[in-house]
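Proteins come first, then strands; the chains are lettered A, B, ... in the order of their sequence lines, and each starts at number 1.
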Amino acid sequence: MGIKGLTKLLADNAPKAMKEHKFESYFGRKIAIDASMSIYQFLIVVGRVGTDTLTNEAGEVTSHLQGMFTRTIRLLEAGIKPVYIFDGQPPELKKQELAKRFSKRADATEDLSEAREIGNKEDIEKFSKRTVKVTKQHNEDCKRLLRLMGVPVIEAPSEAEAQCAALCKSGQVYAVASEDMDSLTFGAPRFLRHLMDPSSRKVPVMEFEISKILEELNLIMDQFIDLCILSGCDYCESIRGIGGQTALKLIRQHGSIENILENINKERYQIPENWPYEQARELFKNPLVFSEKEHPEIKWGAPDEEGLITFLVNENGFNIDRVTKAIEKIKTAKNKSSQGRLESFFKPVANTSTPIKRKETSESAKETAIKKAKAAGGKKKK
DNA sequence: ACTCTGTCTCAAGACGAA
DNA sequence: TTGAGACAGAGT
DNA sequence: TTCGTCC
């Protein structure tokens with residue numbers, strides 16, 4: 001779930017800390033990406049018609065491979081150097097949350113068989129999406145694929161998001177790309193949202209810098225973490241009746257959760273029993289991650305052409321022409337970006353963030369989108 | 001009236017031929 | 001899974 | 001731009 005409402009909270013209270021950037025401006029940059037999140041999305045959506053997905057001869061799902069393959073090529077073609085981070089063991093505190101998700105999936109499985117009996121297509125599709133789970137096998141498949149592509153893979157000891165943030169803190173990558181706002185709470189200095197979107201949608205890449213967020217909110221990192229816990233995170237409950245806005249007010253007023261608890265009206269606000277906010281804070285502040293020396297060196301290599309053909313074509317039924325063409329793309333992209341990042345390419349574009357709201361009424365949605373795109377494009381340079 | 005929270009719903013990739 | 005948007009209801 | 005296909 002990430003941090004509840006954090007995007008909106010930042011848009012309202014720290015708009016200058018968010019900047020729009022062009023996808024192309026990340027040429028030559030090393031970017032850390034949480035793999036599980038992507039795999040999950042691919043399994044849900046790639047090639048799905050009803051309950052069917054893309055599969056190989058043996059009937060095993062290949063949607064995640066198709067998705068990971070094409071997306072990674074897109075990144076490489078843009079000159080981006082991705083490194084994928086895989087999840088390890090979840091922390092104890094998150095187990096409760098995971099248990100909830102597990103039972104939801106179980107419910108969905110029941111709903112699914114019910115829907116099957118009735119034969120409602122839409123329901124079948126809806127419920128089957130909810131039963132999707134990223135398995136060990138999916139993860140292993142993707143690791144193998146990425147290694148064959150010459151793209152580095154890191155297996156985190158615990159939370160992938162935390163490992164991503166650590167890589168960014170130590171300067172091994174330029175930024176963390178994710179849709180999960182947790183990255184900021186883990187202290188990723190530079191965080192990108194919607195990195196993958198701009199191709200098909202009109203959403204620009206949104207870049208957050210934690211230092212600017214802290215500056216603009218006038219908080220120190222510890223207070224920001226407390227703010228996130230109060231707003232609602234994966235590790236523990238929050239206080240009913242307190243959302244982002246109120247949390248920010250309270251943190252500004254009292255400085256820490258401890259002080260808030262001392263001063264708050266406990267008649268009005270129910271503090272959860274045995275509230276483990278201190279442990280949650282510790283998980284954000286000092287998460288279990290590998291240091292630079294503890295994980296393999298991050299290197300981008302040449303693709304293993306034979307290996308890719310064996311894996312994708314022979315084992316998973318991919319079309320050989322497509323794979324061959326794709327390999328060519330990888331090689332071309334590699335040559336182009338091997339000189340690294342030309343700084344002259346990268347003119348600092350001073351663009352301010354635009355608060356994102358604006359309601360679109362039914363039919364004019366398309367038009368509005370076009371107008372927006374034009375307006376944004378025109379404003380950027382002057 | 002206004003602000004905030006909580007609950008519900010929805011949609012979700014990438015490509016290229018037409 | 002994730003966020004966002006629309007809505008209702010509670011509190012100020 | 002839209003729509004069907006990828007496996």
Side-chain angles (χ1 to χ4, degrees), chain A residues 1-12 34-49 52-75 77 87 94 97-98 100-102 104-105 108 122 125-126 129-134 138 141 160-161 178-183 193-203 206 230-232 234 238-249 265 268-269 311-323 325-326 329 356-362 365-366 369-370:
Chain A
M1 222 161 113
I3 308 300
K4 205 182 289 173
L6 186 56
T7 316
K8 192 168 182 300
L9 191 70
L10 293 180
D12 292 344
D34 174 0
S36 311
M37 195 88 264
S38 318
I39 297 173
Y40 183 79
Q41 311 274 27
F42 296 144
L43 287 176
I44 282 181
V45 83
V46 175
R48 173 178 290 270
V49 180
D52 296 336
T53 52
L54 306 182
T55 53
N56 60 18
E57 291 265 296
E60 295 157 340
V61 181
T62 54
S63 292
H64 56 308
L65 293 173
Q66 173 73 22
M68 186 64 85
F69 192 50
T70 51
R71 173 173 290 181
T72 304
I73 287 171
R74 246 191 79 210
L75 291 171
E77 286 190 296
D87 273 313
K94 203 171 181 176
E97 179 68 25
L98 293 176
K100 266 190 226 158
R101 290 178 193 173
F102 182 82
K104 271 191 193 166
R105 245 195 329 266
E122 282 164 27
E125 175 155 351
K126 189 169 72 186
K129 280 183 183 174
R130 287 189 201 161
T131 61
V132 167
K133 181 180 190 300
V134 179
H138 297 138
D141 289 345
E161 291 290 348
S178 171
E179 295 312 305
D180 194 337
M181 299 294 286
D182 281 13
S183 302
R193 267 189 109 199
H194 303 144
L195 180 67
M196 312 309 177
D197 289 9
S199 69
S200 45
R201 355 196 104 257
K202 56 279 161 182
V203 189
M206 195 58 87
L230 286 170
S231 299
D234 280 352
S238 52
I239 301 169
R240 172 164 256 261
I242 294 181
Q245 216 55 40
T246 312
L248 180 57
K249 227 174 279 170
N265 178 345
R268 187 116 68 80
Y269 296 111
F311 183 43
L312 293 179
V313 179
N314 300 347
E315 293 177 30
N316 286 289
F318 278 55
N319 177 297
I320 186 153
D321 292 335
R322 285 180 209 272
V323 174
K325 269 188 209 153
K329 282 190 186 174
I356 332 98
K357 37 169 195 243
R358 212 158 315 180
K359 286 155 206 165
E360 305 190 340
T361 40
S362 51
K366 278 182 218 160
I370 293 166

Which residues pass the side-chain contact (heavy atoms from CB on, under 4.5 Å) test with Asn265(A), not counting sequence neighbours?
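Here the qualifying residues are Glu267(A), Arg268(A).
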Ala247(A): which residues meet the side-chain contact (heavy atoms from CB on, under 4.5 Å) condition with it, sequence neighbours left out?
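side-chain contact (heavy atoms from CB on, under 4.5 Å) list for Ala247(A), sorted by chain: Leu227(A), Leu230(A), Ser231(A), Ile242(A).
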Using salt bridge (Lys or Arg N to Asp or Glu O under 4.0 Å) as the criterion, list what pairs up with Asp12(A), not counting sequence neighbours.
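In terms of salt bridge (Lys or Arg N to Asp or Glu O under 4.0 Å), with neighbours along the sequence ignored, Asp12(A) is linked to Lys8(A).
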Tell me every residue that passes salt bridge (Lys or Arg N to Asp or Glu O under 4.0 Å) with Arg193(A), counting only those two or more places apart in sequence or in another chain.
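Salt bridge (Lys or Arg N to Asp or Glu O under 4.0 Å) check on Arg193(A) returns Glu179(A).
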Identify the pairs formed between an N or O of the protein and an N or O of nucleotides 4-7 of chain D at a distance under 3.5 Å, and give each distance.
residue	atom	partner	partner atom	Å
dC6(D)	O2	Gln66(A)	NE2	3.3
dC7(D)	OP1	Asn319(A)	N	3.0
dC7(D)	O3'	Thr62(A)	OG1	3.2
dC7(D)	O3'	Asn316(A)	O	2.4
dC7(D)	O2	Thr55(A)	N	2.9
dC7(D)	O2	Thr55(A)	O	3.4

Report which part of the nucleic acid Thr246(A) touches: base, sugar-phosphate, or nothing (heavy-atom distance under 4.0 Å, all strands).
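Sugar-phosphate only.
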Can you tell me which stems DNA chain B forms, taking runs of 3 or more consecutive Watson-Crick or G-U pairs with both distances under 3.5 Å?
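B:1-12 with C:1-12, B:13-18 with D:1-6 - these are the stems of 3 or more pairs that involve DNA chain B.
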Non-neighbouring partners of [X] that pass side-chain hydrogen bond (donor to acceptor under 3.5 Å, both in side chains), sequence neighbours left out:
X         : value
Asn316(A) : Asn56(A)
Gln41(A)  : none
Glu77(A)  : none
Arg48(A)  : Ser128(A)

Qualifying side chain to side chain donor-acceptor pair (under 3.5 Å) pairs with a residue from residues 240-249 of chain A, counting only residues at least two apart or across chains
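Residue pairs with at least one partner in residues 240-249 of chain A: there are none.
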Can you give me the N/O atom pairs linking the protein to nucleotides 10-12 of chain C at distances under 3.5 Å, or say none if there are none?
residue	atom	partner	partner atom	Å
dT12(C)	OP1	Arg268(A)	NE	3.2
dT12(C)	OP1	Arg268(A)	NH1	2.8
dT12(C)	OP1	Arg268(A)	NH2	3.4

